[in-house]
Amino acid sequence: MKVGGEAQRPIWVNPDGWSVGIIDQTRLPHRYEAVTLRTVEEAARAIENMLVRGAPLIGATAAYGVCLAMRMDPSDVALGHACDRLLGTRPTAVNLRWAVEEMLGALYTQPRGQRIEAAYARAAEICEADVEICRSIGVHGLKLIEEAAARKPGEPVNVLTHCNAGWLACVDWGTATAPIYMAHEAGIPVHVWVDETRPRNQGAALTAWELGQHGVPHTLIADNAGGHLMQHGLVDLCLVGTDRTTATGDVANKIGTYLKALAARDNGVPFYVALPSTTIDWTLADGFAIPIEQRGAHELSQITGRTKWGEIVTVSIAPGDTPIRNDAFDVTPARLVTGLITERGIAAASREGLAALFPEKA
Ligand code: MRU
């Protein structure tokens with residue numbers, strides 16, 4: 001999508017042909033800075049410290065992390081160490097495991113001398129496939145926005161989203177945002193309620209930024225405001241992403257998603273989850289079996305922002321000795337999900353619904 005009118009992706013291979021460029025998402029929206037990854041350790045730290053984040057982008061970064069490892073040492077031992085290191089970075093998004101397994105599958109049978117080339121080729125394919133998948137999600141999800149627009153001619157369709165499931169979280173288009181970008185480009189009036197998404201504020205910092213860069217009308221709201229807006233008929237549709245979806249349609253997404261789904265159900269607002277099939281964990285039937293990442297206390301006790309003098313500072317917002325628990329994701333049961341928007345179409349959030357679209361996996 002666009003930054004300052006120029007097409008941009010959140011990950012790329014630099015002109016040197018091997019090092020990997022990423023946008024440092026911890027600096028947005030205040031600074032737009034590229035960072036270069038040269039080793040698998042740097043790739044792993046970029047994932048852990050959330051310079052890159054969002055399920056599909058974590059997978060893409062891990063794929064390039066394997067490339068960087070192979071460049072230093074294409075042995076079986078190095079391949080195994082690289083995969084273990086990357087798999088240990090973040091536990092919830094299953095795209096990470098998927099991408100690492102794809103890389104292993106592509107490299108395992110290759111002779112050492114061909115592993116570097118094969119690794120970069122497979123990582124590039126993973127990225128291009130993600131772009132095409134997200135574009136297809138956009139095409140299918142666009143129909144929902146078109147239907148909502150037809151019910152209120154001339155008025156904007158109000159979509160509520162949580163966290164950042166935009167192009168910054170993928171390779172392009174985003175998942176939840178793909179239908180929104182397509183509606184905007186088709187001239188359908190669409191307006192997005194952007195949940196701030198405490199504690200890391202991915203909505204305020206990232207979703208608001210990328211929608212703004214692309215010219216999509218949006219309004220930032222406090223995390224707790226969504227239910228209130230729904231009660232007042234101000235939300236036509238909820239559209240969120242997911243980090244892992246079970247074979248039965250339960251979805252794990254950024255903490256707070258479940259509360260939006262509850263409010264949507266209470267107010268008769270459709271609640272859709274957009275996902276590439278790489279986010280489905282076909283081995284799980286129960287959302288509560290999804291590992292939920294526990295992150296550091298500082299994410300809750302501190303907040304970072306820009307002062308009016310342009311300085312970026314971090315300040316404490318809680319007593320220093322307050323005990324803190326920081327669950328990064330929650331699980332929305334399938335019964336609260338109106339539908340799953342995938343690259344193959346919209347499925348009911350159930351084993352049968354997913355199996356009908358992906359018979360070869362089910
Ligand atoms: O902790 P994050 O920022 O990686 O969490 C991201 C989300 O929860 C997204 O909604 C999810 O990964 C879907 S991205 C298309």
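Note that the coordinates shown come from a computational prediction; the quantities given were computed from them, not determined experimentally. As a basis for the values below, the full set of heavy atoms in this structure was taken, side chains included, without hydrogen atoms, waters or symmetry mates. Ligands are counted one by one from 1 in listed order, and the atoms in each one are counted from 1 as well.
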Of all the non-hydrogen atoms in the protein, which one sits nearest to [atom], and at what distance?
{"atom": "atom 7 (C) of ligand 1", "result": "Asp243 OD1, 3.3 Å"}
{"atom": "atom 14 (S) of ligand 1", "result": "Ala169 CB, 3.6 Å"}
{"atom": "atom 15 (C) of ligand 1", "result": "Thr175 OG1, 3.0 Å"}

Considering distance alone, does some N or O of [X] sit under 3.5 Å from an N or O of ligand 1?
{"X": "His162", "answer": "no"}
{"X": "Ala55", "answer": "yes"}
{"X": "Ile58", "answer": "no"}

For [X], the ligand 1 atoms whose distance to one of its heavy atoms is below 4.0 Å:
{"X": "Gln202", "value": "1 (O), 2 (P), 3 (O)"}
{"X": "Asn253", "value": "7 (C), 8 (O), 9 (C), 10 (O), 11 (C)"}
{"X": "Thr242", "value": "11 (C), 13 (C)"}
{"X": "Met50", "value": "1 (O), 2 (P), 3 (O)"}
{"X": "Arg90", "value": "1 (O), 2 (P), 4 (O)"}
{"X": "Cys163", "value": "5 (O), 6 (C), 7 (C), 8 (O)"}
{"X": "Pro56", "value": "14 (S), 15 (C)"}

May I ask you to check whether [X] and [Y] show a side-chain donor-acceptor distance below 3.5 Å?
{"X": "Glu210", "Y": "Tyr181", "result": "yes"}
{"X": "Ser277", "Y": "Glu343", "result": "yes"}
{"X": "Gln231", "Y": "Asn267", "result": "no"}
{"X": "Arg53", "Y": "Asn164", "result": "yes"}

Any side-chain heavy atom of His191 within less than 4.5 Å of one from Val159?
no
Any heavy atom of Asn164 closer to ligand 1 than 4.0 angstrom?
yes
Report the part of Val240 in contact with ligand 1, treating N, CA, C, O as backbone and CB onward as side chain, heavy atoms under 4.0 Å; options are side chain, backbone, both, neither.
neither
Per-residue contact class, Cys170 against ligand 1 - non-hydrogen pairs under 4.0 Å
side chain
Please report whether the ring centroid of Tyr120 lies less than 6.0 Å from that of Trp18.
no
With Leu37, the side-chain contact (heavy atoms from CB on, under 4.5 Å) member among Val20, Val52, Leu51:
Val20
Electrostatic pair Asp281-Arg97, nearest N-O below 4.0 angstrom
yes
Would you call Glu42 and Arg45 a salt bridge, using N to O less than 4.0 angstrom?
no
Only heavy atoms count here, so choose which of Glu293, Lys254, Arg295 is nearest to atom 1 (O) of ligand 1.
Lys254
Is there a donor-acceptor pair under 3.5 Å between the side chain of His162 and the backbone N or O of Ile255?
yes
Does the cation-pi check pass for Lys254 over Phe329, that is, NZ or CZ under 6.0 Å from the six-membered ring centre and within 45° of its axis?
yes
